[in-house]
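Here the structure is laid out as structure tokens; the discussion comes afterwards.
As the structure lists them, so they are numbered: ligands from 1, and atoms in each ligand from 1. Residues take their numbers from the sequence shown, with the count starting at 1.
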Amino acid sequence: MSTTTSSGVNGHPVHAITVDVEDWLQSTVDSKLPLTEHFYPNTQRVLEAFAERGVRGTFYILGLAAEKAPDLVRAIHAAGHEVQSHGYGHELVFQLTPEAFRADLLRSKALLEDILGIEVFGYRAPAFSITAANLWALDVLVETGFRHDSSVFPVVTRRYGIAGAPWFAHRLRTPGGNELLEVPVASYRVMGKRLPVGGGGYFRLFPYGVIRRCIKQIDSAGQAAAIYMHPYEYNPTEFANIDYPISWKLRLHQGLGRGKFPGKVDRLLGDFRFGSVQDALDSVEELPVHEYRGAVG
Ligand SMILES: [Zn+2]
């Protein structure tokens, strides 16, 4: 059964269950659009599902969402979840200057800290937008007071990912010589390839058995990784109620597999030990070190 204790028991690590709290239209279609009201009830569905399993995870909350719904931030925290930052405006980090990224981080951190009166020290970049081309972002994170991160995607895809990045929780040495604790999204090695099944389209489309094997592979190695999701993935009727032209292609891609999504997450929470990112980091006795060289910018 799942528990929320933080140290590894019976040799099994704790894996991180993480939620990026944002609004589908603003974060996926156009970051200049205002947030719809949908993220609020969608996040409540996630909170209810986690409460039923007695699992506490990490919620990376977008600054814009926190501004619009501070009571939701308080409810997430009151339910025992770790509250961390998903940045302020959901702008992709590789499209920002270091100065703009710094401002976005500080704004989101201060916002959450003012609402809760606690320190915010963990971060996940919008769309995993820290890549080999903007590794300077890792140093900006340390300089602005962040200690853990879950932004480096361990599989290279069309839009993001870093080749050779570890697929398990580790200590990351930044190009500037700083250290961050990194918990990457779960990936599955099959037939010489690594598939990012810990969230997004892969998680929605793959049968549960594949996702279970993925976590078992990481778990058996004594390592920890993260599952990620968004509140809108808990709402199969999201698109029906959005007053905005959405192409059939995007509708199809984003809508596929949503009906079975909550059930898959629930089975996973029952089959493995899940907790917050901090729990996952604490559960691995000695975190391996990975160094990024060749600082640019
Ligand atoms: Zn996001």
Side-chain angles (χ1 to χ4, degrees), residues 16-43 45-47 57-69 72-73 76 81-96 100-101 103-105 107-109 111-112 120 122-131 134 137 141 146 148-155 157-162 182-186 196 198-204 226-235 238-239 242 244 246 250 253-255 257-258 261 265 276-277:
I17 187 87
T18 68
V19 185
D20 296 353
V21 179
E22 60 188 35
D23 182 54
W24 180 79
L25 190 65
Q26 190 269 340
S27 66
T28 311
V29 178
D30 184 350
S31 65
K32 303 281 181 292
L33 289 171
L35 275 66
T36 71
E37 304 290 332
H38 295 213
F39 73 92
Y40 198 111
N42 291 346
T43 305
R45 289 174 193 224
V46 181
L47 287 173
T58 293
F59 285 61
Y60 292 107
I61 305 180
L62 190 68
L64 285 171
E67 231 166 34
K68 204 171 154 88
L72 185 66
V73 176
I76 292 168
H81 302 292
E82 184 182 42
V83 170
Q84 303 290 10
S85 165
H86 192 38
Y88 178 78
H90 213 270
E91 289 170 284
L92 302 178
V93 182
F94 47 62
Q95 291 175 350
L96 297 176
F101 180 49
D104 181 277
L105 282 177
R107 192 173 180 186
S108 77
K109 183 170 153 70
L111 192 56
L112 293 170
V120 168
Y123 176 71
R124 173 171 291 140
F128 302 99
S129 51
I130 296 181
T131 69
N134 63 343
L141 277 169
F146 288 89
H148 90 220
D149 177 64
S150 186
S151 307
V152 175
F153 209 71
V155 181
T157 70
R158 197 167 47 89
R159 292 172 58 217
Y160 45 71
I162 296 183
E182 181 75 22
V183 181
V185 165
Y202 281 96
F203 189 99
R204 290 201 303 273
I227 295 291
Y228 77 95
M229 67 191 77
H230 306 90
Y232 50 77
E233 290 175 295
Y234 268 71
N235 181 4
E238 174 91 10
F239 306 122
I242 288 180
Y244 191 83
I246 302 162
L250 187 62
H253 174 259
Q254 291 279 317
R258 277 200 195 185
F261 186 88
V265 174
S276 66
V277 166

* What's the atom name of the N, O or S in His90 nearest to the Zn ion (ligand 1)? -> NE2
* Structure fact -> Here the N/O/S atom of Glu22 closest to the Zn ion (ligand 1) would be OE1
* Do we see a donor-acceptor contact under 3.5 Å between the side chains of Glu22 and Tyr60? -> no
* Measuring to the Zn ion (ligand 1), does His86 have an N/O/S atom at a distance below 2.8 Å? -> yes
* To do: With rounding to the nearest 0.5 Å, note down the distance linking CG in Leu64 to OG in Ser31.
  => 9.0 Å
* Could you verify whether a donor N or O on one side chain and an acceptor N or O on the other, from Arg107 and Tyr88, lie under 3.5 Å apart? => yes
* **Test item: Phe203 and Met229 side chains (from C-beta on) under 4.5 Å apart, heavy atoms** => no
